[in-house]
A.B. asks: 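Starting off with a structure, shown below.
Note: hydrogens, waters and symmetry copies are ignored here, and every other heavy atom, side chains too, is used. Bear in mind that the values here come from a model prediction, so they are computed numbers and not experimental data.
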Amino acid sequence: MNISAKASVGSRNNAVLAGLEPAIFFGFFEELSAIPRGSFNEKQVSDHIANFARVRGLEVYQDEIWNLLIRKPGTPGYENAPTLILHGHTDIVCESDEGVEHDFANEGIKLRVVGDFIHGTGTTLGADNTVGVALAMSLLASDDIPHPPLEVVLTVQEEVGKGGAQHFDGSKLTGKRLLDMNWHDPKSLFAGCAGDISARFKIPLEWRDRPAGQKAAVLRVSGLSSGHSEFDIHLERANAIVLLGRLLRFAMKNSNIGVIQVNGGVNRYVIPGEAEAVISLDASGLPKLKSAIEAEGKAIAAEYSVSDPELKVTLTETDIDTGAVFAPETAKAMVSAMNLLPNGVQSRSLVVDNLVESSNTVALLSNDQDRIEIVSTIPSAISSRRYNIVDKIRELSEVVGTGATVETFADCPEWPYNPDSRMLAAGRAAYEKEFGERPHVEVSHSSLELGLFRKKVPDIDMLSIGPEAFDVHTTRERLNHTTVDSTWRLLKALLAELKI
């Protein structure tokens with residue numbers, strides 16, 4: 001995509017978001033939305049933003065995995081103010097509704113406006129974190145907003161383990177103050193978050209010949225509410241992978257089945273809304289098992305009638321042609337792991353009211369010819385609790401046997417709340433001046449990249465803001481466009497507070 005950034009924002013007569021204010025923000029939001037930018041596919045958007053900055057004579061550093069650092073001098077009167085780091089991430093979660101064909105590798109998001117909200121069209125919207133990138137670009141493009149020297153850091157691979165922030169060279173930063181723009185509540189200031197780690201539970205896959213004359217069927221859990229595995233974990237929503245494990249255990253007790261294939265989840269930071277297993281059994285036993293599974297599915301649906309009213313369990317015959325099934329001991333180990341892995345809220349804070357302290361989401365399930373993998377993501381505000389959950393998962397691998405192992409990755413530290421933060425004080429002052437009332441201060445169970453910046457830049461002082469967004473990481477994701485203007489106003493007021 002080779003669009004001139006200067007021209008594209010000014011020529012929006014036919015744009016979906018034309019007429020929304022602030023126009024400069026929505027111009028960049030729509031421009032970015034047209035560029036494919038799933039995790040590991042950020043080169044195009046990184047090049048686009050780098051070109052946008054160079055056209056304006058700004059200093060640009062672009063590393064080998066497409067992280068960006070863009071510098072802009074302070075405006076008159078702010079030239080000698082302490083440098084402010086602005087942060088957002090360029091990648092988005094890519095998920096589409098069942099039956100929607102969308103090539104995220106080559107297609108942008110098809111925006112639509114319904115009342116006060118901007119949506120995708122059968123897909124995630126990517127407001128997380130197109131909002132932060134568009135705000136940063138709006139500031140970089142402006143020439144009438146007072147601000148201190150800026151270092152804009154736009155990271156990649158945030159949605160798949162914060163790989164961009166892990167890789168970014170923190171020594172290139174001179175600033176000691178950071179404003180993140182990946183928060184989703186315009187009436188609050190975000191001032192602390194959990195860290196997280198992921199665990200890959202691996203079971204060596206042994207195969208056996210599939211008995212002659214058996215039929216194949218797909219056991220499927222679908223229709224779940226899903227949601228962000230950190231923002232929404234306290235809502236007690238069903239997990240499709242966990243329920244699939246429960247149903248496979250039920251099926252194994254009621255019929256002599258084999259397992260051919262398993263699959264579930266879309267991203268490590270999404271509560272799985274769908275999961276399925278292809279199973280094999282005698283044709284004569286299929287009607288009886290189908291009836292039993294449907295009855296069990298109704299019982300499960302009743303358990304989740306509030307959080308997941310659209311939950312569906314189906315067993316459907318398929319013509320898949322394969323000559324092998326998982327060895328019984330392998331299938332049993334997998335089902336045991338699916339049922340016994342920690343899932344959901346693990347502890348709640350006794351320091352901050354109504355805050356989840358630690359949790360685990362069984363997020364991804366898959367197999368290839370050699371192994372079965374179950375990936376969990378474990379956020380916690382306290383490192384020791386995070387690692388204790390990992391130890392439990394390791395212990396489970398020893399209990400299930402069959403050579404199961406656990407590999408951890410993407411370890412990200414927490415960002416503890418600091419009531420004496422100067423950035424928080426400046427944010428409060430700016431909010432009160434702009435809106436005439438005190439803001440809420442939030443500490444969240446979500447794990448952002450800010451713990452990594454705290455590790456890379458000693459004594460860094462941080463804050464996060466953003467407009468209202470709902471159901472991020474799902475196809476119900478929507479941005480309340482009426483709240484963007486207040487975020488834009490707060491951002492400008494906060495920059496004005498940072499003169500010293």
A.B. asks: Other residues, nucleotides and ligands only: do more than 12 of their heavy atoms fall within 6.0 Å of CG on Asn354?
C.D. replies: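 12 or below, so no.
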A.B. asks: Angle between ring planes, Phe28 versus Phe52, binned at 30° and 60°: parallel, tilted or perpendicular?
C.D. replies: perpendicular
A.B. asks: Say you draw a straight line from CD1 of Ile389 to CG of Leu341; how long is it, rounded to the nearest 0.5 Å?
C.D. replies: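 The CG atom of Leu341 is 11.5 Å from CD1 of Ile389, to the nearest 0.5 Å.
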A.B. asks: Testing the basics here: between Ser225 and Asp308, what is the closest heavy-atom pair and its distance to 0.1 Å?
C.D. replies: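 What the structure gives for the nearest pair is N-OD1, 2.6 Å.
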A.B. asks: Give me the ring orientation class for Tyr61 and Phe168: parallel if the planes are under 30° apart, tilted from 30 to 60°, perpendicular past 60°.
C.D. replies: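 Tyr61 and Phe168: perpendicular rings.
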A.B. asks: CD of Glu79: more than 12 outside heavy atoms within 6.0 angstrom?
C.D. replies: yes
A.B. asks: What's the verdict on salt bridge (Lys or Arg N to Asp or Glu O under 4.0 Å) for Arg348 and Glu357, showing C-alpha distance, side-chain angles and the deciding distance?
C.D. replies: CA-CA 5 Å; Arg348 294 182 182 271; Glu357 182 179 71; over 6 Å; no
A.B. asks: Under 6.0 Å between ring centres: does that hold for Phe26 and Trp488?
C.D. replies: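 No: the rings miss the under 6.0 Å criterion.
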A.B. asks: Answer yes or no: is there a side-chain heavy-atom contact under 4.5 Å between Ile382 and Glu414?
C.D. replies: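 Side-chain contact under 4.5 Å: no.
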A.B. asks: Please examine the side chains of Arg394 and Thr408, heavy atoms only from C-beta on, and report whether any two atoms are closer than 4.5 Å.
C.D. replies: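 Heavy-atom side-chain distance check passes, below 4.5 Å.
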A.B. asks: Quick one: does Arg177's side chain have a donor or acceptor within less than 3.5 Å of a partner on Pro82's backbone?
C.D. replies: yes
A.B. asks: Restricting to non-hydrogen atoms, name the atom on Gly227 and the atom on Asp232 that form the minimum distance, rounded to 0.1 Å.
C.D. replies: CA-OD2, 3.4 Å
A.B. asks: Determine whether Asp185 and His440 satisfy the following criterion, side-chain contact (heavy atoms from CB on, under 4.5 Å), listing intermediate values before the conclusion.
C.D. replies: CA-CA 10 Å; Asp185 179 4; His440 298 292; 5.7 Å; no
A.B. asks: Quick check: do Asp169 and Asp63 have side-chain heavy atoms less than 4.5 Å from each other?
C.D. replies: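 Sidechains of Asp63 and Asp169: no contact.
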A.B. asks: Can you give me the closest heavy-atom contact between Ser229 and Arg268, atom names plus distance?
C.D. replies: OG-O, 3.8 Å
A.B. asks: Are side-chain heavy atoms of His48 and Glu31 found at a separation under 4.5 Å?
C.D. replies: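 A side-chain contact under 4.5 Å exists here.
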A.B. asks: Look up atom CD1 in Ile460 and atom CG in Leu173, then write down how far apart they are to the nearest 0.5 Å.
C.D. replies: 7.0 Å
A.B. asks: Where is the tightest heavy-atom contact between Ala136 and Leu154, given as atom of each residue plus distance?
C.D. replies: CB-CD2, 4.4 Å
A.B. asks: Closer than 3.5 angstrom, by distance alone: can the side chain of Glu159 be matched with the main-chain N or O of Gly38 as a donor-acceptor pair?
C.D. replies: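 No, because the side chain of Glu159 does not come within donor-acceptor range (under 3.5 Å) of the backbone of Gly38.
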A.B. asks: Do Asp116 and Thr482 pass the side chain to side chain donor-acceptor pair (under 3.5 Å) test, and can you show the C-alpha distance, the side-chain angles, and the key distance before you say yes or no?
C.D. replies: CA-CA 6 Å; Asp116 289 345; Thr482 68; 4.6 Å; no
A.B. asks: Has the side chain of Lys162 got a donor or acceptor atom that lies under 3.5 Å from a matching backbone atom of Leu452?
C.D. replies: no
A.B. asks: Does Lys187 reach the side chain of Phe435, with side-chain heavy atoms less than 4.5 Å apart?
C.D. replies: no
A.B. asks: Quick one: are the ring centres of His473 and Phe231 less than 6.0 Å apart?
C.D. replies: no
A.B. asks: Would you check, one step at a time, whether the test side-chain contact (heavy atoms from CB on, under 4.5 Å) holds for Val93 with His228?
C.D. replies: CA-CA 10 Å; Val93 168; His228 195 296; over 6 Å; no
A.B. asks: Mark yes or no for whether Ser226, through its side chain, and Ile271, through its backbone, hold a donor-acceptor pair below 3.5 Å.
C.D. replies: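 Pair found, side chain donor or acceptor close to backbone of Ile271.
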A.B. asks: Just by modelled atom types, is the Arg422 backbone N or O under 3.5 Å from a matching donor or acceptor in the Asp461 side chain?
C.D. replies: yes
A.B. asks: Are any non-hydrogen side-chain atoms of Gln62 and Asp47 less than 4.5 angstrom apart?
C.D. replies: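 Heavy-atom side-chain distance check passes, below 4.5 Å.
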A.B. asks: Taking Ser464 for the side chain and Phe190 for the main chain, is one N or O donor matched with an acceptor at less than 3.5 Å?
C.D. replies: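 The answer is no, because no donor-acceptor pair under 3.5 Å joins these two groups.
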A.B. asks: Around atom CG of Asp144, are there more than 12 heavy atoms from other residues, nucleotides or ligands closer than 6.0 Å?
C.D. replies: yes
A.B. asks: Decide yes or no for Ser96 and Thr123: does some side-chain heavy atom of the first lie under 4.5 Å from some side-chain heavy atom of the second?
C.D. replies: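 Yes. Closest side-chain heavy atoms under 4.5 Å.
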A.B. asks: Tell me the salt bridge (charged side-chain N to carboxylate O under 4.0 Å, His left out) pairs involving residues 437-457, sequence neighbours left out?
C.D. replies: Glu432-Arg438
A.B. asks: Using atom types as modelled and distance alone, determine if a side-chain donor or acceptor of His481 lies under 3.5 Å from a backbone N or O of Gly115.
C.D. replies: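 It does hold such a pair.
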A.B. asks: Using modelled atom types only, decide if a donor and an acceptor are shared between the side chain of Glu477 and the backbone of Leu125 within a distance under 3.5 Å.
C.D. replies: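 Pair found, side chain donor or acceptor close to backbone of Leu125.
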A.B. asks: Answer yes if the side chains of Arg37 and Thr130 hold a donor-acceptor pair under 3.5 Å, and no otherwise.
C.D. replies: yes
A.B. asks: Looking at Asn239 and Val242, would you say the former's side chain and the latter's main chain have a donor-acceptor pair under 3.5 Å?
C.D. replies: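 Yes.
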A.B. asks: Give, for atom CG of Leu424 and atom CE of Met462, the distance between the pair rounded to the nearest 0.5 Å.
C.D. replies: 12.5 Å
A.B. asks: Working to the nearest 0.5 Å, report the span between CD of Glu373 and CD1 of Ile203.
C.D. replies: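 Answer for the CD-CD1 pair, Glu373 versus Ile203, is 10.0 Å.
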A.B. asks: If you round to the nearest 0.5 Å, how far is CD1 of Ile197 from CD1 of Ile378?
C.D. replies: 6.5 Å
A.B. asks: Identify the two heavy atoms, one from Asn343 and one from Thr361, that lie closest to each other, and give their separation to 0.1 Å.
C.D. replies: OD1-CA, 3.7 Å
A.B. asks: Among Ile49, Ile70, Leu86, exactly one meets side chain to side chain contact (heavy atoms under 4.5 Å, CB included) together with Leu140. Which residue is that?
C.D. replies: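 When side chain to side chain contact (heavy atoms under 4.5 Å, CB included) is applied between Leu140 and each of Ile49, Ile70, Leu86, only Ile70 qualifies.
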A.B. asks: With side chain to side chain donor-acceptor pair (under 3.5 Å) as the criterion, how do Ser444 and Trp183 come out once you've worked through the C-alpha distance, each side chain's angles and the decisive distance to 0.1 Å?
C.D. replies: CA-CA 10 Å; Ser444 173; Trp183 184 229; over 6 Å; no
A.B. asks: To the nearest 0.5 Å, what is the distance between CG (Asn41) and OG (Ser46)?
C.D. replies: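 Nearest 0.5 Å value for the CG-OG distance: 11.5 Å.
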A.B. asks: Check Pro467 against Leu479 and note the closest heavy-atom contact, atom names and distance.
C.D. replies: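 Reported closest heavy-atom pair: CG-CD1, 3.8 Å.
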A.B. asks: Would you check if Met338 and Val362 make a side-chain contact, meaning some heavy-atom pair closer than 4.5 Å?
C.D. replies: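 Result no, sub-4.5 Å side-chain heavy-atom pair not found.
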A.B. asks: Would Glu468 and Ser486 count as a side-chain contact (heavy atoms from CB on, under 4.5 Å) if you check the C-alpha gap in whole Å, the side-chain angles of each, and the deciding distance to 0.1 Å?
C.D. replies: CA-CA 10 Å; Glu468 188 173 57; Ser486 61; over 6 Å; no
A.B. asks: Between Ser198 and Thr377, is there a donor-acceptor pair closer than 3.5 Å when you use the side chain of the first and the backbone of the second?
C.D. replies: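 Pair absent, no side-chain N/O of Ser198 close to backbone of Thr377.
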A.B. asks: Kindly indicate, with the supporting measurements, whether the criterion side-chain contact (heavy atoms from CB on, under 4.5 Å) is fulfilled by Asn182 and Glu158.
C.D. replies: CA-CA 11 Å; Asn182 193 17; Glu158 193 271 351; 4.2 Å; yes
A.B. asks: How would you list all residue pairs meeting ring-ring contact (aromatic ring centres under 6.0 Å, His included) that involve residues 77-98, not counting sequence neighbours?
C.D. replies: His87-Phe453
A.B. asks: Looking at residues at least two apart in the chain, or sitting in another chain, which of them share a ring-ring contact (aromatic ring centres under 6.0 Å, His included) with His102?
C.D. replies: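 For His102, the residues satisfying ring-ring contact (aromatic ring centres under 6.0 Å, His included) (neighbours in sequence not counted) are Phe104.
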